[in-house]
There are 2 protein chains.
Amino acid sequence: MRSNVAKKQHEPKSASSTASRPYRIEDQVGYLLRRAHQRASAIFQTSIGDPNITPTQYSSMVKLNEYNELSQNLLGRLVGMDKATMQGVVRRLRERGLVDSRPDPGDARRTLLSLTTEGQKLTNKLLLNGPAVSRETLKPLTAQEQKQLLDLLSKIV
Amino acid sequence: MRSNVAKKQHEPKSASSTASRPYRIEDQVGYLLRRAHQRASAIFQTSIGDPNITPTQYSSMVKLNEYNELSQNLLGRLVGMDKATMQGVVRRLRERGLVDSRPDPGDARRTLLSLTTEGQKLTNKLLLNGPAVSRETLKPLTAQEQKQLLDLLSKIV
DNA sequence: CCCATATCGTTCGTGTACGCACGATGCCAC
DNA sequence: GTGGCATCGTGCGTACACGAACGATATGGG
């Protein structure tokens with residue numbers, strides 16, 4: 001009984017004499033970014049052409065395809081994952097035979113990563129679908145809005 | 001030896017006779033959304049005022065603060081989490097005494113969730129910092145750009 | 001009334017994501 | 001040189017995120 005204290009039931013807490021809009025979770029950047037990211041991931045999974053490859057695995061492989069060989073930490077910086085996360089991503093890619101590793105001959109702390117032949121083949125196949133994934137994700141927007149969104153996101157990253 | 005097959009080392013794969021820009025991971029919506037979401041989460045953690053509350057826990061509590069009582073599934077739909085994710089979020093909030101639950105008297109399948117008195121107190125405290133979190137996240141943008149971004153994100157969610 | 005279908009909450013498995021602490025290695029100033 | 005400090009990779013703990021499968025309950029059509 002004591003737990004249902006007096007609570008106004010019928011007005012959505014507008015408060016404030018100033019004209020500031022009410023605080024709604026649905027209007028907050030963080031919330032919208034989470035939802036948008038969820039949708040983008042879902043589209044990726046259905047459209048990239050291999051349901052077992054995740055967005056982060058994909059970006060890691062694409063980066064390894066550009067550079068021939070990268071240390072784990074550097075790869076992590078390039079794709080925006082911290083080293084603990086990178087650890088798991090690389091382990092899974094290695095377990096599937098998509099990525100190879102060897103100690104860096106010039107620095108014993110580092111491990112150099114590269115795509116296996118199979119990894120290269122898969123990456124090139126997935127790269128064909130990459131543009132379609134982005135296109136589908138941006139579909140609700142006009143061409144101009146799409147450019148704007150990419151621009152604004154770049155600024156806050 | 002056999003693994004370093006012929007690979008052009010010096011040009012970033014522009015290809016294509018058409019003027020289409022090269023495909024760069026850094027320019028894809030999904031990638032930018034992931035990075036932007038990471039940054040937003042980091043800002044949330046440092047600015048919301050309680051390092052133990054996550055963004056999803058926060059939005060759940062705010063929603064429970066608006067509506068008095070909600071079933072777990074409905075809450076999940078309102079904050080955009082599937083039921084499996086909701087499960088864990090609610091369990092943790094309950095373990096900390098922030099959320100209470102009781103069986104729905106009208107539907108034995110449902111569990112009704114509500115904030116405890118402590119949960120209400122914490123939510124109201126965090127709500128004071130909510131606007132600052134969004135403000136900080138949007139700081140790199142002008143006022144007009146901020147509005148644009150929220151608008152565009154709403155459209156693709 | 002009863003059965004097909006849908007919804008609700010749970011559980012399991014996998015994968016990001018990050019803080020923290022650790023040991024090994026590299027590097028630079030002294 | 002060597003000692004202090006940074007960097008690299010690893011391991012552990014916690015938390016989101018979701019698909020899939022499951023049992024219990026609800027509902028609507030026949």
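Computed over heavy atoms, backbone and side chain alike; hydrogens, waters and symmetry mates excluded. Below, chains carry the letters A, B, ... as their sequence lines are ordered, and counting in each starts from 1.
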End-to-end axis angle, where each axis spans five pairs of the helix from C:dC1-D:dG30 to C:dC30-D:dG1, to 10°: 20°

- prompt: Can you name the salt bridge (charged side-chain N to carboxylate O under 4.0 Å, His left out) partners of A:E145, sequence neighbours left out?
  reply: B:K155

message: Under a plain distance cut-off of 3.5 Å, with no hydrogens placed, do A:S134 and B:Q28 share a side-chain donor-acceptor pair?
response: yes

- prompt: Reading DNA chain C 5' to 3', which nucleotide is the first, and which the last, to come under 4.0 Å of any heavy atom in chain A?
  reply: C:dG15 to C:dG26

message: Within residues 28-41 of chain B, which residues have any heavy atom lying less than 4.0 Å from an atom of DNA chain C?
response: B:R34, B:Q38

Spacing of B:T137 atom OG1 and B:R39 atom CZ [to the nearest 0.5 Å]: 6.0 Å

field: Between CD on residue A:Q57 and CG on residue A:L93, distance to nearest 0.5 Å
entry: 5.0 Å

- prompt: Can you list the residues that meet the side-chain contact (heavy atoms from CB on, under 4.5 Å) rule with A:S154, with sequence neighbours excluded?
  reply: B:L32

- prompt: Between the main-chain N or O of A:S114 and the side-chain N or O of A:E69, is there a donor-acceptor pair closer than 3.5 Å?
  reply: no

Check: A:L64 and A:L113 side chains under 4.5 Å, non-hydrogen atoms: yes

task: Please identify each residue that fulfils salt bridge (charged side-chain N to carboxylate O under 4.0 Å, His left out) with A:R94, with sequence neighbours left out.
output: none

- request: Residues of residues 74-88 of chain A with any non-hydrogen atom less than 4.0 angstrom from an atom of DNA chain D: list those, numerically ordered, please.
  value: A:R77, A:K83, A:A84, A:Q87

query: Among all residues two or more places apart in sequence or in another chain, which pass the salt bridge (charged side-chain N to carboxylate O under 4.0 Å, His left out) test with B:R109?
result: B:D107

For chain B, the stretch of DNA chain D it reaches, first to last nucleotide, under 4.0 Å of its heavy atoms: D:dA15 to D:dA26

- prompt: Who passes side-chain contact (heavy atoms from CB on, under 4.5 Å) against B:A36, sequence neighbours left out?
  reply: A:L33, A:L153, A:I156, A:V157

query: Which pairs with one or both residues in residues 46-56 of chain B pass side chain to side chain donor-acceptor pair (under 3.5 Å), sequence neighbours excluded?
result: B:T54-B:T56

field: 5'-most by nearest nucleotide on DNA chain D - A:N73 or B:T54
entry: A:N73

- line: Those residues at least two apart in sequence (or on a different chain) that pass salt bridge (charged side-chain N to carboxylate O under 4.0 Å, His left out) with A:R91 are A:E95

query: Does the side chain of A:I53 come within less than 4.5 Å of A:L126's, by heavy atoms?
result: yes

- prompt: Between A:D107 and B:R94, who's closer to the 5' end of DNA chain C by nearest nucleotide?
  reply: B:R94

query: Within the distance-only criterion (no hydrogens, no angle test), does the side chain of B:D104 pair as donor or acceptor with the backbone N or O of B:R110 below 3.5 angstrom?
result: no

query: Mind checking whether A:Y23 and B:Y58 have parallel, tilted or perpendicular rings, split at 30° and 60°?
result: perpendicular

